[in-house]
Amino acid sequence: MNRRYAIAAAAFAALLLAVTAAKILHVPVSYVPWAAPSARAVEQRGPLWDGEKATIDIFERVSPSVVQVAAKSAASPLMGEESQAGGGASGTGFVWDRDGHLVTNNHVVANGGEIAVRFASGEVAQVDLVGTAPNYDLAVLRIRSVRQLPAPIALGSSSDLKVGQSAFAIGNPFGLDQSMTSGIISALKRRLPTHGGREIANVIQTDAAINPGNSGGPLLDSAGRLIGVTTAIISPSGSNAGIGFAVPVDVVNRIVPELIRNGRVPTPGIGIVAAGEDVSTRLAVEGVIVVRTAPGSPAERAGIRGVNFSTGAVGDIITAVEGKPVRRLADLTDALEQAGAGKTVRLTVKRGSDTRDVNVSIVDIDRS
């Protein structure tokens, strides 16, 4: 046995010595045991998971209908990043209907100037601004030239969404077109201030990654239906921090047809100036404190009274609309928007220890 080991060891030593000598003498060695002779074979993968298939299907169906939107100002190039220093902006939009209308965020196109869109195919088209709704951060564009448009994104509903269900966003973060991210619906009924000075109610919060450039893009459910329009993020760094917001599709489906018809959306109101929520909190008041009423406004005609600045006494407090509780200003404005300008609503108003109902007309305060 020992003799066999000795022979094997001697053979290995001889082989090692021969290879070493060949390297020193630059003699080619035709075979080295530890060298790979060729590229490794590719192993066949198994079938995709059902979840992967569903996500791929959503992207392949919806992404052709998503566009990059670029607004040009006098000092900036046409295609750039969102909120450029020169005044230009770039965001996302999507096909709304077969008549060439596209939806995006108002803040993407708010600076005016020439606007263009780039489709998934790479084709660039000039568009006209049809209308804007700053109070909802929505805008509608229309393609100038007739072309074969991708299909409009299927519409879903935001009224029956549940926290925890899947959410998908497609957009152009940092100018990188056709990017898809996924996550869940993190919260519902958020309130979001807009550039119009009001708040959007029932806003969707998601942790699907949303970054600058995603603004105006679609937020989708697991069936690939539109459930919101991505509009903002909360982030100290300006990049995704897991808190993104989307205008709910039920609001979008109410506002966009109005923009297509008239180019603007009425701002329903009753002509009051309301105290901030911090004031209501300090006074332990649940409802909307009326600071003053506009002269000749529906609120003044209905006998609603504001703060008495001589005595400092709190005026009327609106606590309900059509019997539905009002706890903050967003509840009131949302109820007025649901009813619409030209309608009359029943307000429950508290003054001191007395509570009464009054009927108040809703007007378009932008034109009153």
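Please read all numbers here as calculations on a predicted model, not as lab measurements.
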Side chains of [X] and [Y], donor plus acceptor under 3.5 Å:
X: S145; Y: Q126; answer: no
X: N359; Y: T344; answer: no
X: S158; Y: N202; answer: no
X: T230; Y: N214; answer: no

Pair R118-D177, salt bridge (charged side-chain N to carboxylate O under 4.0 Å, His left out): steps then yes or no: CA-CA 9 Å; R118 178 183 286 125; D177 63 338; 5.9 Å; no
Within 6.0 angstrom of [X] [atom1], more than 12 heavy atoms from elsewhere:
X: R45; atom1: CZ; result: yes
X: R292; atom1: CZ; result: no
X: R305; atom1: CZ; result: no

Is the shortest distance from a Lys or Arg side-chain nitrogen in [X] or [Y] to a carboxylate oxygen in the other one below 4.0 Å?
X: E277; Y: R191; value: yes
X: K324; Y: D334; value: no
X: R346; Y: D357; value: yes
X: R144; Y: D128; value: yes
X: R327; Y: D331; value: no

Quick one: closest heavy-atom pair of [X] and [Y], and the distance?
X: V247; Y: Y136; answer: CG2-O, 3.7 Å
X: V130; Y: I260; answer: CG1-CA, 4.1 Å
X: D207; Y: S186; answer: N-OG, 3.2 Å
X: P298; Y: I270; answer: CD-O, 3.5 Å
X: G271; Y: S297; answer: O-OG, 3.3 Å
X: H107; Y: T231; answer: CE1-O, 3.4 Å

Chi angles and distances behind the side chain to side chain contact (heavy atoms under 4.5 Å, CB included) call for I56, L48: CA-CA 10 Å; I56 292 169; L48 294 170; 3.8 Å; yes
Pairwise distance [atom1]([X]) to [atom2]([Y]) - rounded to 0.5 angstrom:
X: R356; Y: R351; atom1: CZ; atom2: CZ; answer: 4.5 Å
X: I184; Y: S222; atom1: CD1; atom2: OG; answer: 13.0 Å
X: S166; Y: I227; atom1: OG; atom2: CD1; answer: 9.5 Å

Just wondering, do [Y] and [X] contact through their side chains at under 4.5 Å, heavy atoms?
X: F94; Y: V62; value: no
X: T206; Y: F245; value: no
X: E337; Y: R254; value: yes
X: T92; Y: V67; value: no

Would a distance-only check, ignoring hydrogens and angles, find a side-chain to backbone donor-acceptor pair under 3.5 Å from [X] to [Y]?
X: D250; Y: S159; result: yes
X: D316; Y: V349; result: no
X: R142; Y: D99; result: yes
X: N308; Y: T311; result: yes
X: R301; Y: G296; result: yes
X: E300; Y: I272; result: no
X: E52; Y: W49; result: yes

Take R282 and D278 through the salt bridge (charged side-chain N to carboxylate O under 4.0 Å, His left out) test and state the conclusion after the steps. CA-CA 6 Å; R282 287 199 302 270; D278 56 335; 3.8 Å; yes
Trace of the side chain to side chain donor-acceptor pair (under 3.5 Å) decision for S90 with Q68: CA-CA 7 Å; S90 177; Q68 184 178 12; 3.1 Å; yes
Show your working on side chain to side chain contact (heavy atoms under 4.5 Å, CB included) between I304 and L347 and close with a plain yes or no. CA-CA 10 Å; I304 295 176; L347 303 183; 4.1 Å; yes
For I318 and V290: C-alpha separation, side-chain torsions, deciding distance, then whether side chain to side chain contact (heavy atoms under 4.5 Å, CB included) applies. CA-CA 8 Å; I318 300 172; V290 179; 4.1 Å; yes
Test side chain to side chain contact (heavy atoms under 4.5 Å, CB included) applied to D221 and Q165, step by step: CA-CA 8 Å; D221 64 11; Q165 75 179 76; 4.1 Å; yes
